[in-house]
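Everything numeric here is computed off the predicted structure, so don't read it as measured data. Side chains are part of it too, since the values below use all heavy atoms of this structure and drop only hydrogens, waters and symmetry mates.
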Amino acid sequence: MARYDPSTVEPKWRTAWAEAGVDVTRPDPDRPTYYALEMFPYPSGRLHVGHARNYAMGDVNARYQRARGRNLLHPMGWDAFGLPAENAAAERGVDPRAWTLGNIEVMRAELQRLGLAIDWTREFATCDPEYYGLQQAWFLKLWRRGLAYRKEGLVNWDPVDMTVLANEQVIDGRGWRSDAPVERKKLTQWFLRITAYADELLDGLETLDHWPEKVKLMQANWIGRSAGLTLRFDFAGGAPAESGPALAVYTTRPDTLYGASFVAVAPDHPLAEALAERDPAVADFVRRARRGGTSEAEIESAEKLGFDTGIEVIHPFDPTWRLPVWIANFVLMDYGTGAIFGCPAHDQRDLEFARKYGLPVTPVVLPAGQDPASFAIADEAWTGPGRIYNSKFMDGLDIEAAKAAAIQRAEAANQGEGAIVYRLRDWGVSRQRGWGCPIPIIHCPACGIVGVPEEELPVRLPESLDFSRPGNPLARDEAWKAVACPRCGAAAERETDTLDTFVDSSWYFARFPDPRAPEPIGAEAARWLPVDQYIGGIEHAVLHLLYARFVVRALRDEGMLTVDEPFAGLFTQGMVTHETYRRQNGEWVEPGQVRMVQEGSSRRALDAATGEPLIIGDPEKMSKSKRNVVAPADIADRYGVDATRLFVLSDSPPDRDVQWTTAGVEGAWRLVNRIWREFDAPAAPVPSKDGAEQALALRRLTHRTIKQVSEAMDGFRFNSAIARIYEIVSALHALGPGEETERARAEALSVLARLIAPFAPHLAEECWRRIGGEGFVALAPWPAFDPSLAEDDEKVLPVQIDGKRRGEVRAPAGASEEAVRQLVLSDPEIARRLEGVTIRRLIVVRDRIVNLVTG
RNA sequence: GCGGGCGUGGCGGAAUUGGCAGACGCGCCGGACUCAAAAUCCGGUUCUGGUGACAGAGUGUCGGUUCGACCCCGACCGCCCGCACCA
């Protein structure tokens with residue numbers, strides 16, 4: 001009996017699969033397609049355990065679906081543009097392209113070592129000129145249709161990464177990569193008009209039945225549709241001429257218009273800017289109001305600041321009513337119209353502002369049970385339900401009816417229109433970076449903005465990029481920039497901004513079906529899209545996953561795609577965490593340098609070299625700074641790839657975090673060996689005297705296991721699937737010898753090899769070969785179960801008396817209520833307990849339970 | 001503040017139509033094998049009382065619905081996540 005040696009078995013099978021082309025996808029009209037995809041990695045250098053779990057999970061599902069008869073597409077590529085390459089270039093003087101391609105080599109080998117059923121013939125990287133050239137081609141199409149445009153505006157500036165960020169990339173007022181506080185800057189930038197699809201992106205969420213509710217909710221909130229009224233307040237005097245005759249205000253509470261006490265505009269509002277130009281006091285206020293940060297703490301503590309412009313507007317429903325116009329720091333220019341009307345009684349922010357500046361507070365919504373004569377607002381605005389009062393034509397209406405009435409009145413008087421407003425803003429895609437996809441645009445002094453002609457694509461990056469100085473190397477590469485205008489031939493300049501790398505990842509999945517097609521998305525895409533199952537981290541809930549949904553729609557409207565949604569199914573996997581260890585002085589210590597000591601039921605951590613006691617911290621996401629990173633390659637060296645795969649999937653449900661522990665991997669390693677022993681030299685510790693009975697029991701377990709594992713696989717409950725595998729392995733181990741048992745054993749082993757194949761493909765192949773299985777188990781069909789064996793033909797029914805378990809009876813499966821009743825009442829143990837009590841009810845739940853209710 | 005999720009043994013977690021709570025793994029305890037250790041194997045392991053058969057309690061807390069609740073309803077407590085001066 002040979003000990004299972006992954007270091008020889010695993011490479012052997014990977015070579016065999018590669019030589020046979022097992023994982024290469026070929027067209028097969030007889031089988032339904034299945035497109036399995038995991039979010040492609042950024043080639044940072046080495047594979048992380050988090051990657052290993054993500055790809056193992058995707059691979060388990062992909063292999064399972066293939067075994068179930070689907071024609072599988074399971075490709076891999078590289079999200080290869082991005083800042084780490086530039087940072088490496090700046091710090092170590094390496095070429096970002098060489099650095100990236102080198103990392104890809106290393107990581108491809110690491111991924112391949114995981115034994116993933118991936119069709120590597122389709123691989124590409126987003127930094128391949130072929131790929132980004134095609135991206136430039138569709139960018140130009142979008143530009144011609146007005147879906148890509150340039151505008152000047154306030155943008156999020158990351159002072160550390162020295163680039164602009166999209167709103168989705170600002171987390172808590174900080175850059176998503178650099179964690180530096182984001183500044184506001186006025187720049188001319190490229191945008192993609194995602195807002196044109198706001199409605200469709202929101203409504204489309206309802207069609208995504210196989211997406212987590214959480215992600216759909218996050219996207220819905222991010223899009224943030226609200227219905228209200230855009231209302232014009234005519235100026236009564238004092239407004240600059242260029243501001244026009246009226247000020248537009250957006251509100252979702254037109255029912256409270258009679259509670260208005262002021263109008264306020266954002267510091268960036270054109271009116272405020274016009275006033276600032278002629279009045280230094282206004283200019284000074286605007287400067288102060290803009291200074292406030294955007295982080296949580298700053299907003300919470302931010303004081304309401306206002307400046308009374310002296311301008312007055314006329315209330316749209318009452319020509320005699322004048323309202324003052326203020327500039328206020330809490331009004332946002334990029335939501336609605338950048339101007340509000342303040343109703344302090346029913347809006348907390350307006351109330352704080354009114355109290356500070358002595359503006360009137362008039363309630364117009366009366367909560368139920370309040371007396372209109374005495375109801376007053378103190379420190380808290382009333383935002384709940386009630387009846388409208390103090391409001392002329394709306395008096396007596398509820399809030400919803402009053403909103404409708406106000407909108408109707410405003411529209412009839414040509415004072416405004418009902419309007420839908422979104423929180424979502426257009427996607428700023430300009431990045432002042434050198435290692436990215438160049439925006440294929442030429443700036444001509446005569447012709448203005450000119451697109452690069454399609455036949456000149458791709459606009460390639462220069463051969464070498466100089467990152468020795470901060471800032472965008474393209475912007476100072478005069479030779480690269482200089483170009484003749486394609487329209488008039490005059491000397492012109494290339495656009496030096498590159499596209500946000502989230503553009504690169506917003507369509508790569510549509511390229512894999514036809515990865516060498518001359519057009520961006522080849523004809524094969526129609527056969528495979530949408531992706532059946534997409535797997536990745538929750539952190540992309542409103543980034544990548546929203547951008548991809550938008551780009552697919554934009555390309556569809558270009559006639560390049562036929563689907564509305566990129567990903568029919570989505571699964572967000574949890575992180576891999578690890579305990580942290582630190583010295584008394586606070587220094588972090590790597591797990592490899594820690595020796596764990598068990599004392600009874602408590603654990604202590606010691607420095608392996610010095611014996612110094614260490615502080616054990618909570619499990620956290622693996623990070624270099626906390627030094628709690630474990631490299632999957634190191635684990636695979638010790639325990640093999642299959643044990644590594646089994647462990648990352650066995651300990652927690654896939655959508656939850658899993659804590660990496662050495663004990664856990666060792667458990668998976670034990671399982672690998674236990675399985676192998678059953679195939680290699682089945683133990684027979686129990687003398688078999690009841691062979692037929694044992695054989696039947698094993699057959700029942702085998703078929704029940706197929707059923708349960710299949711159900712668990714379908715529901716992505718891989719941890720439960722592995723638990724069922726443990727059970728059948730234990731049963732095999734306890735099986736005695738004999739003719740009948742050996743037949744049952746052969747069946748169980750054949751099933752077991754196929755059930756473990758998605759999780760531990762190398763071990764499964766070796767086992768399959770050992771029992772003389774035909775071909776590769778990787779291509780073997782998933783076992784089917786016999787329903788008559790998967791269900792027991794005799795059930796043990798617990799018998800409860802008044803809800804407490806007091807015994808059990810054995811009844812044939814499906815036994816009638818009457819039959820079970822007879823069994824229960826004739827059971828001596830139950831009868832003994834029922835002496836002297838009356839049975840009020842006897843409830844029989846078929847095949848489940850019996851409950852006796854006594855009086 | 002708004003929205004959402006989650007609270008089950010020492011630990012990770014099962015219990016996917018309201019029907020035996022704690023599957024499976026880890027850890028721990030005891031035993032076998034061994035000169036010894038590792039590995040492996042066998043048994044035990046929710047808590048309390050009892051040598052034991054057994055009895056009682058038990059899924060964050062309190063209450064409700066039900067013959068029956070980890071599961072449904074209400075209130076509360078705690079933790080996690082997303083958004084956030086969005087009019």
Side-chain angles (χ1 to χ4, degrees), chain A residues 3 171-173 212-215 217-222 224 226 228 249-253 256 264 292 294-296 298-300 302 304 328-332 334-343 346-350 352-353 383 421-425 538-539 541-542 598 600-603 619 646-647 650-653 656-659 661-668 670-671 673-674 677 683 685 708 711-712 714-715 717 719-727 730 733-734 796-805 808 840-854:
Chain A
R3 191 177 165 83
I171 315 290
D172 252 357
E213 287 303 319
K214 180 185 171 71
V215 174
L217 195 74
M218 282 167 71
Q219 290 209 357
N221 290 340
W222 187 262
S226 71
V249 158
Y250 174 74
T251 180
T252 56
R253 291 300 300 274
T256 64
T294 48
S295 76
E296 181 180 349
E298 282 168 306
I299 286 166
E300 221 137 75
K304 301 275 179 292
N329 65 340
F330 69 93
V331 182
L332 305 174
D334 43 13
Y335 185 78
T337 61
I340 62 158
F341 83 82
C343 177
H346 304 295
D347 183 289
Q348 191 60 33
R349 294 155 303 177
D350 296 349
E352 286 167 27
F353 191 79
T383 55
V421 165
Y422 301 91
R423 211 190 78 103
L424 182 71
R425 275 159 246 158
I538 185 81
E539 66 272 19
V542 288
Q598 189 79 40
S601 57
S602 75
R603 296 158 63 242
L646 278 166
F647 171 63
S650 67
D651 243 30
S652 283
R656 249 188 261 180
D657 290 354
V658 63
Q659 189 191 339
T661 61
T662 309
V665 200
E666 281 169 355
R670 268 197 291 276
L671 175 62
N673 283 291
R674 284 173 61 189
R677 277 198 300 272
Q708 290 176 336
E711 283 165 2
D714 289 332
R717 296 187 303 274
N719 53 327
S720 295
I722 293 169
R724 300 285 82 79
I725 289 170
Y726 269 103
E727 277 176 347
S730 296
H733 184 73
V796 175
L797 304 183
V799 178
Q800 296 181 333
I801 297 175
D802 293 327
K804 285 191 194 300
R805 190 184 199 280
E808 61 186 40
R840 289 229 324 254
R841 277 181 78 183
L842 198 162
I843 294 141
V844 177
V845 183
R846 179 162 300 197
D847 291 346
R848 289 284 193 179
I849 201 167
V850 178
N851 194 11
L852 288 153
V853 187
T854 69

Base, sugar-phosphate alone, or nothing: which one does [X] contact when heavy atoms must sit under 4.0 Å apart?
| X | answer |
| --- | --- |
| A:Asn851 | base |
| A:Ser652 | sugar-phosphate |
| A:Arg425 | base |
| A:Ser226 | sugar-phosphate |
| A:Leu217 | sugar-phosphate |
| A:Val658 | nothing |
| A:Glu727 | sugar-phosphate |
| A:Val853 | sugar-phosphate |
| A:Tyr250 | base |

Distance below 4.0 Å between [X] side-chain N/O and [N] OP1 or OP2:
| X | N | value |
| --- | --- | --- |
| A:Arg677 | B:rC41 | yes |
| A:Lys804 | B:rA57 | yes |
| A:Asn221 | B:rG4 | no |
| A:Arg670 | B:rG25 | no |
| A:His733 | B:rC42 | yes |

Can you tell me the base-pairing partner of [N]? Count Watson-Crick or G-U wobble geometry only, both distances below 3.5 Å, and say none if there is no partner.
| N | value |
| --- | --- |
| B:rC6 | B:rG78 |
| B:rC83 | B:rG1 |
| B:rA32 | B:rU40 |

**Prompt:** With nearest nucleotides of RNA chain B determined for A:Thr251 and A:Ser730 from heavy-atom distances, which residue corresponds to the more 5′ nucleotide?
**Reply:**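 Nearer the 5' end of the strand: A:Ser730.
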
**Prompt:** So which one's nearest nucleotide on RNA chain B is more toward 5', A:Ile538 or A:Glu666?
**Reply:** A:Glu666

**Message:** Please evaluate residues A:Arg674 and A:Ser730 with respect to the criterion side-chain hydrogen bond (donor to acceptor under 3.5 Å, both in side chains), reporting the C-alpha separation (whole Å), side-chain torsions for both, the decisive distance (0.1 Å), and the verdict.
**Reply:** CA-CA 9 Å; A:Arg674 284 173 61 189; A:Ser730 296; 2.9 Å; yes

**Request:** May I ask you to establish whether A:Lys304 and A:Phe353 are in a cation-pi arrangement, using a distance under 6.0 Å from NZ or CZ to the six-membered ring centre and at most 45° from the ring axis?
**Result:**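 Negative - A:Lys304 is either too far from the ring of A:Phe353 or too far off its axis.
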
**Message:** Suppose we call a contact any N or O donor and acceptor under 3.5 Å apart; does that hold for the side chain of A:Arg656 and the base of B:rC6?
**Reply:** no

**Message:** Is it the case that the base of B:rA14 and the side chain of A:Arg717 share a donor-acceptor contact (distance under 3.5 Å, atom types as modelled)?
**Reply:** no

When the [atom1] atoms of [N] and [M] are considered, how many whole Å apart are they?
| N | M | atom1 | result |
| --- | --- | --- | --- |
| B:rU59 | B:rG7 | C1' | 9 Å |
| B:rU61 | B:rC77 | C1' | 7 Å |
| B:rG60 | B:rC11 | P | 13 Å |

**Asked** What's the CZ-P distance between A:Arg841 and B:rC67, to the nearest Å?
**Response**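 Going from A:Arg841 (CZ) to B:rC67 (P), I get 6 Å.
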
**Message:** Can you measure A:Asp334 atom CG to B:rA84 atom P for me and round it to whole angstrom units?
**Reply:**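 Rounded to whole Å, this separation is 11 Å.
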
**Item:** Reference residue A:Phe341; test side-chain contact (heavy atoms from CB on, under 4.5 Å); the match among A:Thr256, A:Asp350, A:Asp347
**Value:** A:Thr256

